[in-house]
Q: 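Please see the structure below; I have some questions.
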Amino acid sequence: MPPAESPLRIELALGDITKERVDAIVNAANSGLRGGGGVDGAIHRAGGPEIMEECRRIGHCDPGDAVITGAGRLPARFVIHAVGPVWEGGRDDEELLLASCHERALELAREHGCRTVAFPAISTGAYGYPPELAARVALRATIEALERLPMIEKVRFVFVDENLLEIYGRALAHLKESAERSV
Ligand code: AR6
C-alpha cells in the first residue's frame with residue numbers, strides 16, 4: 001500500500017520504524033531510558049549498544065518530554081526518545097503529556113537540523129492509550145508543531161499494525177476536514 005500523503009507534511013505508512021531512512025526516528029521510551037519491549041526493544045536491538053550507552057549517560061526523561069541520542073547502526077542519524085503517558089483512564093493529564101512529547105520530539109529534531117522524522121504510535125502498546133484517542137492527540141500536536149517548524153519537511157507515522165494505520169488515517173482525514181472548514 002503506498003503511503004497516505006497529506007498536504008500537512010504528514011505521511012502514514014506500514015512498516016518497521018527501525019528501517020526508516022529519515023533524519024530521526026522517535027522511540028516510545030520509558031522515563032528511566034532503560035529500554036524495554038515494543039518499539040523500544042526493536043530500536044535497541046537493531047541499533048546496537050551505543051544507543052543504550054548514551055541513554056545511560058542521560059539517565060532520565062520525564063513523561064511528556066524527549067531526549068536525543070545517536071542512532072548506532074540504524075539508517076537514521078538520530079533517535080529521539082520520547083516518553084508518553086501511561087493510560088490511567090484519562091484522569092492524569094495523559095492528553096497533555098502525549099501532545100507535549102510529540103512537540104518536544106519535533107523541537108529536538110529541529111535543533112539538530114533534521115528535515116524528516118518518523119514516529120511510532122507512542123503510548124498505544126504497553127502504556128495502554130486507546131488508539132482512537134491517541135491518534136487524534138498525536139496528529140493534532142504534530143500539525144500544530146509543524147506550523148511553527150517550517151524547516152521540518154516531512155513527518156511519517158509508521159505502524160506495524162494495519163488496524164492502527166486505519167485508525168490514524170481516519171483521525172488525519174478528520175483533522176484535515178476541520179482545518180479546511182476553518183479557513
Ligand atoms: N515499528 C513501528 N511500530 C512498532 C514497532 C516497530 N518496530 N514495534 C512495535 N510498534 P510500545 P508504549 C508499535 O509498547 O505504549 C516499552 O517497553 C506497537 O504496535 O512500544 O509507548 C518502553 O520501554 C504500538 O502500537 O510503546 C516503555 O516501557 C506502538 O509501537 C513502554 O513500552 C507503541 O507500543 C512504552 O509503551
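Each ligand, and each atom within it, is numbered from 1 in the order the structure gives. For clarity, every value in this text was computed on a predicted model and none was experimentally measured. Start at 1 with the first residue, then count along the sequence.
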Q: Within the 4.0 Å heavy-atom shell around Leu164, which atoms of ligand 1 are there?
A: 25 (O)
Q: Just wondering, do Ile43 and Ile25 contact through their side chains at under 4.5 Å, heavy atoms?
A: yes
Q: Taking only heavy atoms of Asn30 into account, list the atoms of ligand 1 that are under 4.0 Å away from them.
A: 22 (C), 23 (O), 27 (C), 28 (O)
Q: Students should be able to answer this: which protein heavy-atom is nearest to atom 13 (C) of ligand 1, and at what distance?
A: Val160 CG2, 4.0 Å
Q: How far is atom 31 (C) of ligand 1 from its nearest protein heavy atom, and which residue and atom is that?
A: Tyr127 CE1, 3.5 Å
Q: Does ligand 1 have an atom that lies less than 4.0 angstrom from a heavy atom of Gly84?
A: no
Q: Identify, by atom number and element, the atoms of ligand 1 in contact range of Val158, meaning under 4.0 Å from any of its heavy atoms.
A: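 Checking each atom against Val158, I get 2 (C), 3 (N).
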Q: Please examine the side chains of Val67 and Ile80, heavy atoms only from C-beta on, and report whether any two atoms are closer than 4.5 Å.
A: no
Q: Using a 4.0 Å cut-off to any heavy atom of Ala28, which atoms of ligand 1 qualify?
A: 21 (O), 22 (C), 26 (O), 35 (C)
Q: Spell out, yes or no, whether Leu108 and Phe78 are grouped together once hydrophobic residues are joined by side-chain heavy atoms under 4.5 Å, including indirect joins.
A: yes
Q: Report yes or no: do Ser31 and His60 form a side-chain donor-acceptor pair below 3.5 Å?
A: no
Q: Enumerate the atoms of ligand 1 whose separation from the nearest heavy atom of Asp16 is less than 4.0 angstrom.
A: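 Atoms satisfying the 4.0 Å criterion: 1 (N), 6 (C), 7 (N).
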Q: Which of the atoms in ligand 1, numbered in the order shown and given with their element, are less than 4.0 Å from a heavy-atom of Gly36?
A: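 Every atom of ligand 1 under 4.0 Å from some heavy atom of Gly36: 17 (O), 23 (O).
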Q: So do the side chains of His81 and Ile68 get within less than 4.5 Å of each other, counting heavy atoms only?
A: no
Q: At what distance is the nearest protein heavy atom to atom 29 (C) of ligand 1, and which residue and atom is it?
A: Ala121 O, 3.4 Å
Q: Take atom CD in Glu95; do more than 12 heavy atoms of anything else shown fall under 6.0 Å from it?
A: no
Q: Examine ligand 1 and decide if any of its atoms is less than 4.0 Å from a heavy atom belonging to Thr18.
A: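 Outside the 4.0 Å threshold, so no.
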Q: Around atom 25 (O) of ligand 1, find the nearest protein heavy atom and jot down its residue, atom name and distance.
A: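 Looking at atom 25 (O) of ligand 1, the protein heavy atom closest to it is Thr124 OG1, 2.8 Å.
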Q: Membership question, hydrophobic clusters at under 4.5 Å side-chain separation (ILVMFWY): are Tyr168 and Leu146 in the same one?
A: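 As far as the 4.5 Å side-chain criterion goes, Tyr168 and Leu146 are connected within one cluster.
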Q: Within the 4.5 Å heavy-atom criterion, are Ser100 and Asp65 side-chain neighbours or not?
A: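 A side-chain contact under 4.5 Å is absent here.
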Q: Determine whether Met52 and Arg34 make a side-chain contact, defined as any pair of heavy atoms from C-beta on separated by less than 4.5 Å.
A: no
Q: Within the structure provided, determine whether Ser123 and Trp87 are in side-chain contact (heavy-atom separation under 4.5 Å).
A: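 Heavy-atom side-chain distance check fails, nothing below 4.5 Å.
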Q: With a 4.0 Å heavy-atom cut-off (strictly under), which part of Asp161 contacts ligand 1: side chain, backbone, both or neither?
A: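 Neither; no heavy atom under 4.0 Å.
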Q: I need the nearest protein heavy-atom contact for atom 32 (O) of ligand 1: residue, atom name and distance, please.
A: Ala126 CB, 3.6 Å
Q: For ligand 1, which atoms have a heavy atom of Ser123 less than 4.0 angstrom away?
A: 12 (P), 15 (O), 21 (O)
Q: Is there a side-chain contact between Leu14 and Val160 (heavy atoms, below 4.5 Å)?
A: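 A side-chain contact under 4.5 Å is absent here.
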Q: What residue and heavy atom of the protein are closest to atom 17 (O) of ligand 1, and at what distance?
A: Gly37 N, 2.8 Å
Q: Are the side chains of Ile152 and Cys114 in contact, using a 4.5 Å heavy-atom criterion?
A: no
Q: How close does the nearest protein non-hydrogen atom get to atom 30 (O) of ligand 1, and which residue and atom is it?
A: Val39 CB, 4.0 Å
Q: Closer than 4.0 Å to some heavy atom of Gly38 - which atoms of ligand 1 meet that?
A: 8 (N), 9 (C), 20 (O)
Q: For atom 1 (N) of ligand 1, what's the nearest protein heavy-atom neighbour? Residue, atom name and distance, please.
A: Ile17 N, 3.0 Å
